Asks: 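Please read through the structure below; I'll follow up with questions.
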Protein chains: 2
Amino acid sequence: MSETTPAPDTRSPGGPEAPTPRKRVNRREQILRTAADVFAARGFNNTSLADIAAMLDITPAGVLHHFGSKTDLLTAVLELRDDSDPAPGGSRMLDHLVTTAERNAARPGTTQLYAVLSAESATDRHPAQEWFRDRYTVLRGEIGDAVLDRLGPEHREAASTPGPDGRTPAGAAAAAVIAVMDGLQVQWLLDPEAVDMASVTALVIDALVARLSQED
Amino acid sequence: MSETTPAPDTRSPGGPEAPTPRKRVNRREQILRTAADVFAARGFNNTSLADIAAMLDITPAGVLHHFGSKTDLLTAVLELRDDSDPAPGGSRMLDHLVTTAERNAARPGTTQLYAVLSAESATDRHPAQEWFRDRYTVLRGEIGDAVLDRLGPEHREAASTPGPDGRTPAGAAAAAVIAVMDGLQVQWLLDPEAVDMASVTALVIDALVARLSQED
DNA sequence: GTCTATATTCAGATAGAC
DNA sequence: GTCTATCTGAATATAGAC
């Protein structure tokens, strides 16, 4: 089900941090990518090490040799960022988000992982809680800055002025954009025909930027 | 943690299908409410029948007597709608959504259940998939209508005219509103100080309605 | 460095006592 | 009508063979 990508070993040769692979990309890496696929499709709690192992024709213990525990494997998967399309800074980032939504619909993989796991992480004692809390904090900051960048200079001050609760309009807009993307992913996974992630994301970004460019 | 609602037996007397409750609201009902709380806090896959049973000082089998299986219990929990604040029709519904977001932040219970479970349901073979797919379809319809109601009559036609992909702007806005509410819930659960669900929800609704009231 | 075989814990569900 | 005691299978992790 996950063999959509034909090339098994696609990465730029001469990457900066290849850890001296005298053999070829070690088993560890195969496990990592397989685990990412399976976690994305079934969530963390609902995935067993046997599921992952079966896809590689090994036993569960084979997986555990490379990563000490299932939780460690999850952590490693989350750390494995997808650097194939680095997020640009500044106001270009907002366009990048739409592009990302577009790509996600074509390739239900990488970021489906984040949509499914982030919601799962919000449950008690989930091992990825801290990771996702930090991630959202960073994202809200970056996207908040991107929103400010897109506003006309005359609106920036208002949008970056904290209200009585200490939160800024730009930050609120950033939280909204992230929330829309996550929430849409869930709706789309359940019913792909029903929503167009990219266009709805674009609509919300446009609407929010326009809204922050008014005084009312 | 869950004793927010003081009245344990709130249902209209003379309801059409009261199954002759000679005693008082049966164990079944207690189990149902406890299960809802625990599913909300820990998700479905990560909750064991023992967890639920422990809170009632009984054994897992005690739970299974009332509901044939864990999946049946989940289904029953989902069916148990919270009728304490029925959603109004028409454009009032949008205000109701903001109110709902406000209440959710105060009482992390009922709809936290939906936020956590809906995302979990998007994973393979989850027992609640169909339930959530249907729920989202209905919600998009209702909220789409509410959006149209709020628009000026002169904009309604444009907003309800399907584009080349067969989807209407009002439907897109509806999907966006739902997505924002779900996504915010996740961010809020992970970091309650970081986002104000109600105000962000209001912001997005305002922005979308304003956006759909322009020609561009 | 890689994995098979095994131990241990805990899940969901069944049959039958109260 | 309600639940305790028990069975069966599957989960993660360990110890040690190749």
Side-chain angles (χ1 to χ4, degrees), chain A residues 8-9 18-36 38-39 41-78 117 120 123-128, chain B residues 8-9 17-36 38-39 41-78 117 120-121 123-128:
Chain A
D9 189 12
T20 320
R22 196 162 44 188
K23 297 187 142 187
R24 71 140 169 286
V25 203
N26 286 337
R27 207 83 226 248
R28 193 188 152 90
E29 195 120 341
Q30 295 181 32
I31 296 177
L32 222 41
R33 292 191 306 116
T34 303
V38 183
F39 285 155
R42 326 193 24 154
F44 175 73
N45 285 319
N46 199 32
T47 297
S48 73
L49 293 175
D51 293 335
I52 298 166
M55 295 190 67
L56 295 160
D57 272 310
I58 61 176
T59 70
V63 174
L64 279 179
H65 167 76
H66 297 273
F67 307 86
S69 71
K70 192 188 171 190
T71 296
D72 286 356
L73 175 57
L74 173 62
T75 306
V77 164
L78 292 175
L117 286 188
E120 188 177 0
T123 59
D124 274 0
R125 298 162 152 274
H126 195 284
Chain B
D9 187 12
E17 83 323 1
T20 320
R22 197 162 43 189
K23 295 188 144 186
R24 70 142 167 282
V25 203
N26 287 337
R27 206 86 225 246
R28 194 188 151 91
E29 197 122 338
Q30 293 181 34
I31 296 176
L32 222 41
R33 292 191 307 120
T34 304
V38 184
F39 285 155
R42 327 193 23 155
F44 175 72
N45 286 319
N46 199 31
T47 296
S48 72
L49 294 176
D51 294 334
I52 299 166
M55 297 190 65
L56 296 160
D57 271 311
I58 60 176
T59 68
V63 175
L64 278 179
H65 167 75
H66 297 273
F67 306 86
S69 72
K70 192 187 171 192
T71 296
D72 285 357
L73 175 56
L74 173 62
T75 306
V77 165
L78 292 175
L117 286 188
E120 187 177 359
S121 80
T123 59
D124 273 1
R125 297 162 152 274
H126 195 284

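Worth saying up front: this structure is predicted, and the values here are computed from it rather than measured. So that the names make sense, note that chain A is the first sequence line, chain B the second, and so on, each numbered from 1.
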Asks: For dG1(D), does OP1 or OP2 lie under 4.0 Å from any side-chain N or O of His66(B)?
Replies: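 So the side chain of His66(B) is outside the cut-off, no N or O lying under 4.0 Å from OP1 or OP2 of dG1(D).
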Asks: Any pair with a residue in residues 42-76 of chain B that passes ring-ring contact (aromatic ring centres under 6.0 Å, His included), sequence neighbours left out, goes on the list, sorted by first then second residue, please.
Replies: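 Listed by first then second residue: Phe39(B)-Phe44(B), Phe44(B)-His126(B).
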Asks: Roughly, in whole Å, what's the span from CG in Leu73(A) to C1' in dA11(D)?
Replies: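 Value for this atom pair: 15 Å.
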Asks: Mind checking side chain to side chain donor-acceptor pair (under 3.5 Å) for Asn46(A) and listing every partner two or more places apart, or none if nothing turns up?
Replies: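 If we apply the side chain to side chain donor-acceptor pair (under 3.5 Å) test to Asn46(A), skipping adjacent residues, there are no hits.
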Asks: Please write out each protein N/O paired with an N/O of nucleotides 13-18 of chain D under 3.5 Å, distance rounded to 0.1 Å.
Replies:
| from | atom 1 | to | atom 2 | distance (Å) |
| --- | --- | --- | --- | --- |
| dA13(D) | OP2 | Lys70(A) | N | 3.0 |

Asks: Rounding to a whole Å, what distance do you find between Asp72(B):CG and dA13(C):P?
Replies: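 To the nearest whole Å, that distance equals 9 Å.
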Asks: Can you list the residues that meet the side chain to side chain contact (heavy atoms under 4.5 Å, CB included) rule with Leu64(A), with sequence neighbours excluded?
Replies: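 Expected list: Leu49(A).
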Asks: Heavy atoms from C-beta onward define the side chain here; which of dT2(D), dT12(D), dT2(C) lies closest to that of Asn26(B)?
Replies: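 Looking only at heavy atoms from C-beta outward on Asn26(B), the closest nucleotide is dT2(D).
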Asks: Under 4.0 Å between a side-chain N/O of Thr59(B) and OP1 or OP2 of dC3(D), yes or no?
Replies: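 No, outside the criterion.
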Asks: From the list dG12(C), dC3(C), dT4(D), which nucleotide is the closest neighbour of the side chain of Ser48(B)?
Replies: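 Per side-chain heavy atoms of Ser48(B), the pick is dG12(C).
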Asks: Evaluate the side-chain proximity of Arg28(B) to Ile31(B): yes if any heavy-atom separation is below 4.5 Å, no if none is.
Replies: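 No, their side chains stay 4.5 Å or more apart.
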Asks: What pairs meet the salt bridge (charged side-chain N to carboxylate O under 4.0 Å, His left out) rule with one or both residues in residues 57-76 of chain A, with sequence neighbours excluded?
Replies: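 Matches after skipping sequence neighbours: none remain.
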Asks: List the residues meeting side chain to side chain donor-acceptor pair (under 3.5 Å) with Ser48(B), not counting sequence neighbours, and say none if there are none.
Replies: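 Once residues adjacent in sequence are excluded, the partners of Ser48(B) under the side chain to side chain donor-acceptor pair (under 3.5 Å) criterion are Asp51(B).
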Asks: Counting only side-chain nitrogens and oxygens, does Arg27(B) get under 4.0 Å of the OP1 or OP2 atom of dC3(D)?
Replies: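 Arg27(B) to dC3(D) OP1/OP2: side-chain N or O found under 4.0 Å.
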